[in-house]
Amino acid sequence: MKILTKLNAQQRNAVEYNAGPHIVVAGAGSGKTRVLTYKIAYLIQEGLEPESILALTFTNKAAREMKERIRELIGKKADSLWMGTFHSIFARILRIEATAINYNSNFSIYDREDSVSLVSNILQYLSINLENVTANSIQHKISNFKNHMITPEEYSNNIASTIAEKKIGEVYIEYNKRLRENNSMDFDDLLLKPIELFNNNVRILQKYKKMFKYILVDEYQDTNNAQYEIVKILSPVKDKLCVVGDDAQSIYGWRGANIRNMLDFEKDFSKAKIFRLEQNYRSTKNILLAADSIIKKNTEQIAKTLWTENPEGEEITLVKCSDEKDEAFQIAKKIKKEISTKKLSLNDIAILYRTNAQSRALEDAFRREKIPYKIVGGVEFYRRKEVKDVLAYLRVLSNQDDEESLLRIMNFPQRGIGNTSITKMIAFSRKLNLSLFKTMARVFEVIEVKERIQKNVKQFRILLDKYIDLQSKLSIGELTSALVDELGILRMYKEENSQDSASRYDNIHELLASIQEFNKEFPEATLEQYLAEVSLVAGIDQYDESKNSITLMTVHSAKGLEFPVVFITGCEEDIFPLNPRFDSDSKIEEERRLFYVAITRAMKKVFISFARSRYRFGEVAYQNKSRFIDELNPNSVEEVIDGSNRKSGRRRKGDFDEYYQESYDDYDQEKRSFRVGSRVSHDIFGNGKVLAITGNGDTQRITISFEDTGTKQLLVKFANLKLL
DNA sequence: CCGTGAATCCTTTTT
DNA sequence: GGATTCACGG
Ligand SMILES: Nc1ncnc2c1ncn2[C@@H]1O[C@H](COP(=O)(O)OP(=O)(O)OP(=O)(O)O)[C@@H](O)[C@H]1O
């Protein structure tokens, strides 16, 4: 079998196994994805129909690439595989079966922003105004409930205890009700509704169980309870199920991912077989040594062996910086040096960070130093305001019940329908139990709305009707161009003539081009299909490898990727690991896994940078080097050459605190008494060590790690601290 | 009633 | 630093 020759013995065993449920548990770079890819090719070659294979990946990009690899191995048959993310595959199935769960097949998919705006409208509608509770935080909570499969009723009746929680329960109930009324689903529904669908419709379940003769799941360590449930319900008659994952790379716990799915696989699927892969093909010995020294510090994990035939390789270089600008500049310098001395291409280099906000300083430096870069994630194209505005039009044309989208465009571009009028129309529509869209046609009955504005509404409704009608006559590309043209959106941005509006102008052009392109690829595609596609694109899906440039992204986005050279930036307490102050063990362990993921993206060389101070939330914060740096095996790390003029010149890593301390006074003459590293005492919390000081004057805050009570942030003004 | 500039809040990671 | 809310002038 030709396919199997590209695999080592352990990989081959996993690929050939066919007797029941099995799981491949293995460390980074050991070829888990490769096993899955080859297994699918192998199955097809052995005569299984590609239509009967369901393969679930974490990102659309991963699916696309896997499909491409399979096509290289076995040809066009790969095209009829069911391959995609959980979200996109089940959105597809939900559209087919929508009526069974009382939805229409043209339902809209709400992203986080849409959901927040819906929550915000509900808060107003129910006149709920809670201290310290924002629409944002409630949306967050609701998503969390859904990820843990807690229904609104369950939450309200059994979990909510405080008054605030009861109120949140009310919002949750109303939120789900509105989604249904809007013929819309949020991201989480795309995983919950299939469960509802299959549990309540045996015939539909049987249909899909019969259809999917083999199910394969990549990145199984990051599946949540709902995804587990889906796999469990659908798992084929003879348990032809293969999942692969690495518990040490589980980094989406905050989103409901449950490592237990992985740890309990043997219990959950009877006669499950475990396969292990132990040879790493990606990284140097040094990088594996460093990665291992990190992950060893976690208590909860499946023990794994990982070895490589690759050379020892270079040690990790620590880059000590004074602030985020210095960091960016030093990295730019290192990049140029790497490229010139090792004849690397820009594409070989990735810059990773913990939070998107960190990209700013890096971008500035790369622009100045003329290093071409591409950036993954951040504010994604399809989430930009101007793009979402146009998409909202398309969503209304496709689904008139989508009230959130309708509200978004009601007065965009400005047509003199203000908030007051909209509120009146909404009140009218609630009273008569009509959709807002239907109310628009009867706006003359809404007597509270001024006559002049009634006319505006009516005219707007006529415009929408016209395009709803045109849908069947024009291609989606033509339709959108005509609409954008009639709305005068491009003209509007052109006339505004600011830098901001110029980029909006470009983005609308780009959107139109992307629609045309989609149209060319799928000439028969409907508006719904286009919208479904764009609602589910992630930042990483738009990653364009053909452009010759370095890549900037979060560590989360880098999952599953590999680069010859990796820079891990901002390795400071409070950034990476982020927010250790509210910490539980499980959270710090997830941060540590994230750091492990970061290191293991590298094939040949890792740089780790950290800064003494950093501009954050509008003020300068003094930073401490990340605990993860100290956890690295010293043998895997190069001695630090200190840039400053010191007598000793050469210094070992680990003396950063001292270095820090000396220069600290330069920054803050007044507040000498407390400095990072100082030991202090507090009347209630006891003794502790200062981790960070931010801000000035009355708002100056101090972060202290107390011996007994953990890390706390206090206002210096009130803390009444004594220096020890 | 609408649009604009100032004030205020919040501030992870993402399918 | 960015988004959203608030107050005021048109
Ligand atoms: N048998 C093999 N022979 C040669 N190269 C291999 C082999 N197996 C895997 N590789 C290579 O090793 C690298 C890592 O493989 P892959 O991405 O499948 O690992 P993974 O276990 O999924 O990694 P991660 O856990 O980081 O996602 C890839 O470049 C792949 O081509």
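Heavy-atom basis, side chains included; hydrogens, waters and symmetry copies ignored. Throughout, a chain's letter reflects where its sequence line sits, starting with A, and its residues are numbered from 1.
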Original post:
Cut-off 3.5 Å, side chains only: do Asn507(A) and Glu386(A) have a donor facing an acceptor?
Top reply: yes
Original post:
If you check every side-chain atom of Ile453(A), which of dC10(B), dT13(B), dC1(B) has the closest atom?
Top reply: dC1(B)
N/O-N/O pairs, protein side and nucleotides 3-7 of chain B side, under 3.5 Å:
from: dG3(B); atom 1: OP1; to: Gln414(A); atom 2: OE1; distance (Å): 3.0
from: dG3(B); atom 1: OP2; to: Asn411(A); atom 2: ND2; distance (Å): 3.4

**OP:** Please report, rounded to the nearest Å, how far the P atom of dG2(C) is from the OH atom of Tyr615(A).
**Re:** 11 Å
**OP:** For Tyr252(A), report the nucleic acid contact type (base, sugar-phosphate, nothing); a contact means any heavy atom under 4.0 Å.
**Re:** sugar-phosphate
Original post:
Is there a side-chain polar atom (N or O) of Arg360(A) under 4.0 Å from OP1 or OP2 of dG2(C)?
Top reply: yes
Subject >> Side-chain H-bond candidate by donor/acceptor type, Tyr175(A) with Ser115(A), under 3.5 Å >> reply: yes
Original post:
Can you check whether Asn356(A) has a side-chain N or O nearer than 4.0 Å to OP1 or OP2 of dT13(B)?
Top reply: yes
Original post:
Looking at dC1(B), dT14(B), dT15(B), which one has an atom nearest to any side-chain atom of His556(A)?
Top reply: dT14(B)
Original post:
Is the closest side-chain donor-acceptor distance between Asn147(A) and Asn224(A) under 3.5 Å?
Top reply: yes
Original post:
Would one find a side-chain N or O of Ser557(A) under 4.0 angstrom from OP1 or OP2 of dT14(B)?
Top reply: yes
Original post:
Whole Å only: how far is the CD atom of Glu533(A) from the P atom of dT15(B)?
Top reply: 14 Å
Subject >> Nucleotide dT14(B), atom C1' - distance to NE2 of His140(A) in whole Å >> reply: 10 Å
Original post:
Should the pair Lys559(A) and Phe58(A) be classed as cation-pi, given the thresholds of under 6.0 Å to the six-membered ring centre and 45° from the axis?
Top reply: yes
Original post:
Do side-chain atoms of Asp222(A) reach the backbone of Ser250(A) as a donor and acceptor pair under 3.5 angstrom?
Top reply: no
Original post:
Rounded to whole angstroms, how far apart are CH2 on Trp254(A) and P on dT14(B)?
Top reply: 6 Å
Subject >> Rounded interatomic separation in angstrom, taking CG from Asp188(A) and C1' from dT14(B) >> reply: 11 Å
Original post:
If we take the C1' atom in both dT13(B) and dT4(C), what is their distance in whole Å?
Top reply: 23 Å
Original post:
For Ile251(A) and dT15(B), what is the distance between atoms CD1 and P respectively, to the nearest whole Å?
Top reply: 11 Å
Original post:
Cation-pi between Arg112(A) and Phe187(A): NZ/CZ under 6.0 Å from ring centre and within 45° of the ring axis?
Top reply: no
**OP:** Specify the residue among Thr554(A) and Glu448(A) whose closest nucleotide of DNA chain B lies further upstream toward the 5′ end.
**Re:** Glu448(A)
**OP:** Using a heavy-atom cut-off of under 4.0 Å over every strand shown, decide if Ser88(A) touches base, sugar-phosphate, or nothing.
**Re:** nothing
**OP:** Could you state the atom-to-atom distance from CD of Glu113(A) to P of dT14(B) in whole Å?
**Re:** 16 Å
Subject >> Euclidean distance, atom OH of residue Tyr353(A) to atom C1' of dT13(B) [Å, nearest integer] >> reply: 12 Å
Original post:
Looking at Tyr622(A), does the NZ or CZ of Arg612(A) lie under 6.0 angstrom from its six-membered ring centre and within 45 degrees of the ring axis?
Top reply: no
